[in-house]
Amino acid sequence: MTKLKLDDQYWNERYDTLETGWDIGYPSPSFLEYFKDKDRSAKLLIPGCGNSYEGEALYKMGFHNITLLDFAPISKENFLKRVPEFPSEQFIVGDFFQLENQFDFILEQTFFCAINPSWRAKYVKKMKTLLQPQGKLVGILLIHPLNAEHPTGL
Ligand SMILES: C[S@@+](CC[C@H](N)C(=O)[O-])C[C@H]1O[C@@H](n2cnc3c(N)ncnc32)[C@H](O)[C@@H]1O
């Protein structure tokens with residue numbers, strides 16, 4: 001169990017002080033490969049999206065039915081500065097656990113490992129409610145024990 005309070009203030013401060021060691025600075029190639037043949041009208045969600053290079057790349061590939069979600073306001077400010085053509089209302093500053101909607105695909109990119117390990121069961125239940133019956137969770141879920149003390153293991 002981590003002693004850190006992994007709330008919106010904590011994460012916002014990490015963006016503010018540029019302590020973002022998890023940020024690879026480009027879209028994960030495996031997502032681009034996975035989505036290259038998918039229907040462009042698919043409804044996508046990227047929770048805990050941060051700077052969201054994937055969101056930018058997928059939007060530019062024609063996936064316009066995409067919602068980005070992060071509870072750190074600075075992540076939205078940074079994103080819209082970088083990608084001004086992205087519709088602002090499609091980047092929600094809010095808590096994943098409060099979101100009500102359903103999607104065809106939800107992309108997981110270092111979000112699962114950034115929440116308190118004691119919330120993992122809640123994450124699984126919430127994901128199920130956010131997916132359409134045939135919807136898919138796409139990504140890599142890191143469960144390394146280091147995450148117990150260091151969010152993201154970085
Ligand atoms: C390790 S960062 C990963 C950011 C991004 N996915 C990436 O790969 O660069 C985790 C992100 O999840 C966000 N986050 C953590 N808990 C959240 C929650 N309950 N609701 C929304 N966003 C959350 C943080 O603000 C942070 O931007």
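When a ligand or atom number is given, it counts from 1 through the structure's own listing order.
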If we only count heavy atoms from C-beta on, is the [X] to [Y] side-chain gap below 4.5 Å?
{"X": "Asn65", "Y": "Ser41", "result": "no"}
{"X": "Tyr15", "Y": "Asp70", "result": "yes"}
{"X": "Pro87", "Y": "His64", "result": "no"}

Counting both backbone and side chain atoms, is some N or O of [X] under 3.5 Å from an N or O of ligand 1?
{"X": "Phe96", "answer": "yes"}
{"X": "Trp11", "answer": "no"}
{"X": "Ala114", "answer": "no"}
{"X": "Asp23", "answer": "no"}
{"X": "Asp95", "answer": "yes"}
{"X": "Gly48", "answer": "yes"}

Within-shell test, [X] vs ligand 1, heavy atom, strictly < 4.0 Å:
{"X": "Tyr53", "answer": "no"}
{"X": "Cys49", "answer": "yes"}
{"X": "Asp70", "answer": "yes"}
{"X": "Gly94", "answer": "yes"}

**OP:** If the plane angle is over 60° it's perpendicular, under 30° parallel, otherwise tilted; pick one for Phe105 and Tyr34.
**Re:** perpendicular
Original post:
Is the NZ or CZ atom of Lys43 positioned over Phe103's six-membered ring, under 6.0 angstrom from the centre and within 45° of the axis?
Top reply: yes
**OP:** Report the part of Ser75 (side chain from C-beta onward, or backbone N, CA, C, O) that has a heavy atom under 4.0 Å from ligand 1; answer both or neither where that applies.
**Re:** neither
Please check: side-chain N/O of [X] versus main-chain N/O of [Y], any donor-acceptor pairing under 3.5 Å?
{"X": "Gln9", "Y": "Asn12", "answer": "no"}
{"X": "Asn51", "Y": "Gly25", "answer": "no"}
{"X": "Gln102", "Y": "Leu131", "answer": "yes"}
{"X": "Lys76", "Y": "Leu68", "answer": "no"}
{"X": "Gln109", "Y": "Pro27", "answer": "no"}

Taking only heavy atoms of [X], which atoms of ligand 1 are found under 4.0 Å from at least one of them?
{"X": "Phe111", "result": "12 (O), 14 (N), 15 (C), 16 (N), 17 (C), 18 (C), 23 (C)"}
{"X": "Tyr15", "result": "4 (C), 26 (C), 27 (O)"}
{"X": "Ala72", "result": "25 (O)"}

Original post:
So between Gln9, Gln109, Arg14, Glu108, whose heavy atom ends up nearest atom 6 (N) of ligand 1?
Top reply: Gln109
